[in-house]
Amino acid sequence: MDFDTSLASVGELGLWHGMVLVLLIPSALLPGMWSVLFVFSGYVAKHRCSVPACDDVSSEYNEPWLNYSIPHDDDDWSSCTVYSQRNGTDQADQTCSQEMFSEEAEECKNFVFDTSVFSSTVVTEFSLVCDGDHGQVLVDLGYSMYSVGVFLGVLVPGFFSDRFGRKKMMFVAMAISAISTLASAYVQDYTSFLVLRVFNGFGTLGTFVTMCILSAELTSHRYRSLVGNLVHILWAPGQMILALMAFYIRDWRTLHIAVSVPIFVSLLLYPLTPESPRWLIAVKKEKEAAKIIHQIAKINKRPLPLDSLTTDEGSDNTPAPSQPRQEMTMLALISSKGLAITTTILSLNWLVVDFCYYGLSLHSVNLAGDIFTNFVLSAAVEIPAVVLGMFSMDWIGRVSLLVICQLVGGAACILAGLLSPPAVLPLALIGKFASSIVFLTVYLYTAEIYPTQVRGMGLALTATMARIGGFLAPFIAGLGVKNSSLPFLIFGGAAIIGGLASVLLPETKGSSLPDSVQDVERIMRKRTLLRWFRNKQDIESSEL
C-alpha cells in the first residue's frame, strides 16, 4: 500500500485533514505557553533588605525610613545591603529612627519584594536573590533544568515515535507536561521545583516535535508545507495567551494551576486523534492504515483506492513472508555519503538557529512599556515571519529560503553590533524575524528529508543539536554586560556559517516523503549547488 497513491484518490487536503488539524491545535498552541512559563513565574522582582527595627509584615517595598536605613544603588535602593545598626539600638523598645543606623553597609538574608508586578513568584517565595551571585545562579538553574528536559524531550519521544507511533508519544509527552506543571504548583522547596522543570521541558518539546511529524505526514507534498506550517503559527499565540493569563493571575502557584487545566482537558482528545497513516504503512500495520484511509474517503466524500480495498480484505496486520519489514536504525541517517552530509549540515543549522533565536531574545533591546506588553510584542514578531515563511518555501524552495534567511539574519545581527543604538532595535528584530523563519524551515525540511521509519530519529538527532545552541546562548548574551556589540557579532557570524553550509542541501520542494534510503538518494540529486555546477559544465561542453 502506498499512502500518496491513496491520497490521490481520497483527497490530499479536505474536510478530514481540517478536522485533524483542529484536534492538533492544543498540541501546537499549548507548548508555546509551557516554554515561557518560567519567564513569569520566575520573574525577579525588585527587592531590598528587610530592616528588622523598622519593617513588619505589612511593610511595602517603598517606605520612608529607607532614606537612612538602606544605601542607594543606581538611583534605587540597594538590593542586597543594609546599613548596620549601632550597638545598643536593636532593643525591642527602640523606635525606628536615623540615629539607629551607622554608615557601614552589610549584606542581609531577609528581603522585602516589590509586589506591584507580581504578588508572588518562585523567586520571591524561595528568596532566590543576592548571596553574591548565588541567587541569580539559582534562577538561571530554573532555565537550565528546563533545557535538560527539552534535550530529552527532543531525543526520547522522537526515537520512540518511530517504534510506538506519533500519536502515543505525543499524548504521553502531553500527560507528563500536565502532571509536572500541576505538581510544581504545590512544591514546598526549590529543589523539587527544579526536578519538575526537567519533566516540563521534556513534555513541551516531546509534544511539539511529535505533533510536527504527525502533521507533516498527513498529506502529500503539494500541501505539506501548508499543513505543517499552520501548526507552527500557533506557537507565538500560545506565548501571547500566557502573557494575558499572567497579566490577570499575579500569583505563580495559581498561574501554574491555570496553565495545567487546558493540558488535562486536551488529553481527552486521544480517542479522537488518528495515528499517522503513513507511519502505519511504513511499519506494515496496513489494516489500521486502511481503516483511516476509509475514514478519509468517507469524510472527504471521495472514492476508495483499489489497494485499500484489497488490504481491507486481510485479517490482520502481519506482512506477507515475501515482503518482510525492513528494520531501520539510527545508522540509516549516515548510511550514505549524501545522507551523512545532509545530517551534518542540518545539525549545524539546528544548533545555529536555536543559538541565535534564544540568544537574540535574551540580548534584545528593552522595549518601552511593561513586561507584558514587551513580551507580547516580542512574540508577535514571529507571526508574520511564519506566514511569510509558509508561502515562501513553496515559492522559492526550502533550501533557498533557509540560505537567504540565515544570511539576512546574520547580516542584520552583524550590523546591529557595528552601528549605533538607534539602529540596533530594528536590526535585532530583523534578526529574530529571520531566525523564526529558519526555525520553521528546518522543522519541515528535517521531517521531509528522512525515510518514514527513521523520521522521528532524524528529527530527534538533529534537533538535539539545537539544545547545545540553547545552552550556549545565555553565556554569549551575558558578554553584552561589558560589550553590547560582541553578542550580535557572534550570533551574526554563526548564522552566516549556517547559511553558507546550507547551499549543499538537496531541495525537497515537490518531492514525496521518502520511505527508504533509496528514495532519499533520489532527492539528493536535487542539490542546488551541484545542479548549478552540472548545468555550467553542460553549457561549457556545448560551446566546445
Side-chain angles (χ1 to χ4, degrees), residues 147 150 154 229 232 235-236 341-365 378-379 381-390 392-393 396-419 423-446 449 462-480 483-505 507 528-529:
S147 296
V150 167
V154 172
N229 293 328
H232 274 269
W235 180 273
I341 293 175
T342 297
T343 298
T344 301
I345 296 174
L346 274 178
S347 297
L348 172 64
N349 273 277
W350 272 101
L351 188 153
V352 167
V353 68
D354 206 65
F355 178 62
C356 295
Y357 178 87
Y358 288 108
L360 286 171
S361 298
L362 292 171
H363 188 59
S364 59
V365 178
S378 178
V381 173
E382 299 181 35
I383 297 178
V386 172
V387 174
L388 178 62
M390 183 167 56
S392 298
M393 64 177 59
I396 64 176
R398 283 71 156 137
V399 175
S400 298
L401 183 64
L402 177 61
V403 172
I404 291 172
C405 288
Q406 286 282 47
L407 295 180
V408 170
C413 288
I414 290 176
L415 288 175
L418 297 176
L419 299 181
V424 170
L425 177 57
L427 288 170
L429 290 177
I430 291 173
K432 186 175 181 182
F433 185 92
S435 292
S436 298
I437 297 179
V438 173
F439 241 131
L440 180 77
T441 307
V442 294
Y443 256 115
L444 182 65
Y445 184 88
T446 306
I449 195 62
T462 54
T464 296
M465 297 300 295
R467 298 308 106 206
I468 298 177
F471 280 122
L472 295 176
F475 297 101
I476 301 302
L479 297 176
N483 187 341
S484 60
S485 298
L486 187 57
F488 282 120
L489 297 176
I490 296 175
F491 295 141
I496 288 178
I497 292 173
L500 293 176
S502 298
V503 300
L504 294 173
L505 291 173
E507 181 56 66
T528 304
L529 185 62

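All values below were derived from every heavy atom in this structure, side-chain atoms included, with hydrogens, water molecules and symmetry-related copies excluded.
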Open item on the list: Any non-hydrogen side-chain atom of Leu489 less than 4.5 Å from a side-chain atom of Leu418?
Closed with: yes
Task: Pairwise side-chain contact, Leu505 with Thr342, heavy-atom cut-off 4.5 Å (strictly under) - done: yes
When rounded to the nearest 0.5 angstrom, what distance separates [atom1] in [X] from [atom2] in [Y]?
{"X": "Cys413", "Y": "Ile490", "atom1": "SG", "atom2": "CD1", "answer": "11.5 Å"}
{"X": "Leu415", "Y": "Phe488", "atom1": "CG", "atom2": "CZ", "answer": "11.0 Å"}
{"X": "His232", "Y": "Leu444", "atom1": "NE2", "atom2": "CG", "answer": "7.0 Å"}
{"X": "Ser435", "Y": "Gln406", "atom1": "OG", "atom2": "CD", "answer": "7.0 Å"}
{"X": "Ile404", "Y": "Ser502", "atom1": "CD1", "atom2": "OG", "answer": "11.5 Å"}
{"X": "Leu500", "Y": "Leu407", "atom1": "CG", "atom2": "CG", "answer": "5.5 Å"}

Shortest non-hydrogen contact from [X] toward [Y]:
{"X": "Trp350", "Y": "Thr462", "answer": "CB-O, 3.2 Å"}
{"X": "Val353", "Y": "Phe439", "answer": "CG2-N, 3.7 Å"}
{"X": "Glu507", "Y": "Arg398", "answer": "OE2-N, 2.9 Å"}
{"X": "Ala495", "Y": "Gly410", "answer": "CB-CA, 3.7 Å"}
{"X": "Val438", "Y": "Leu402", "answer": "CG1-CD1, 3.6 Å"}
{"X": "Ala385", "Y": "Ile437", "answer": "O-CG1, 3.3 Å"}

Task: Residue among Val386, Val387, Leu401 satisfying side chain to side chain contact (heavy atoms under 4.5 Å, CB included) with Leu440 - done: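 The passing option is Val386.
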Open item on the list: Run Leu388 and Phe433 through side chain to side chain contact (heavy atoms under 4.5 Å, CB included) and show every step you take.
Closed with: CA-CA 10 Å; Leu388 178 62; Phe433 185 92; 3.8 Å; yes
Task: Ile414 vs Ile496, side chain to side chain contact (heavy atoms under 4.5 Å, CB included): CA-CA, chis, key distance, verdict - done: CA-CA 10 Å; Ile414 290 176; Ile496 288 178; 3.6 Å; yes
- [ ] Please step through side chain to side chain contact (heavy atoms under 4.5 Å, CB included) for the pair Leu348 and Ile497, ending with a clear verdict.
- [x] CA-CA 9 Å; Leu348 172 64; Ile497 292 173; 4.3 Å; yes
Task: Whether Asn349 side chain and Ile345 backbone form a donor-acceptor pair below 3.5 Å - done: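 Flag set: sc Asn349 to bb Ile345 pair under 3.5 Å.
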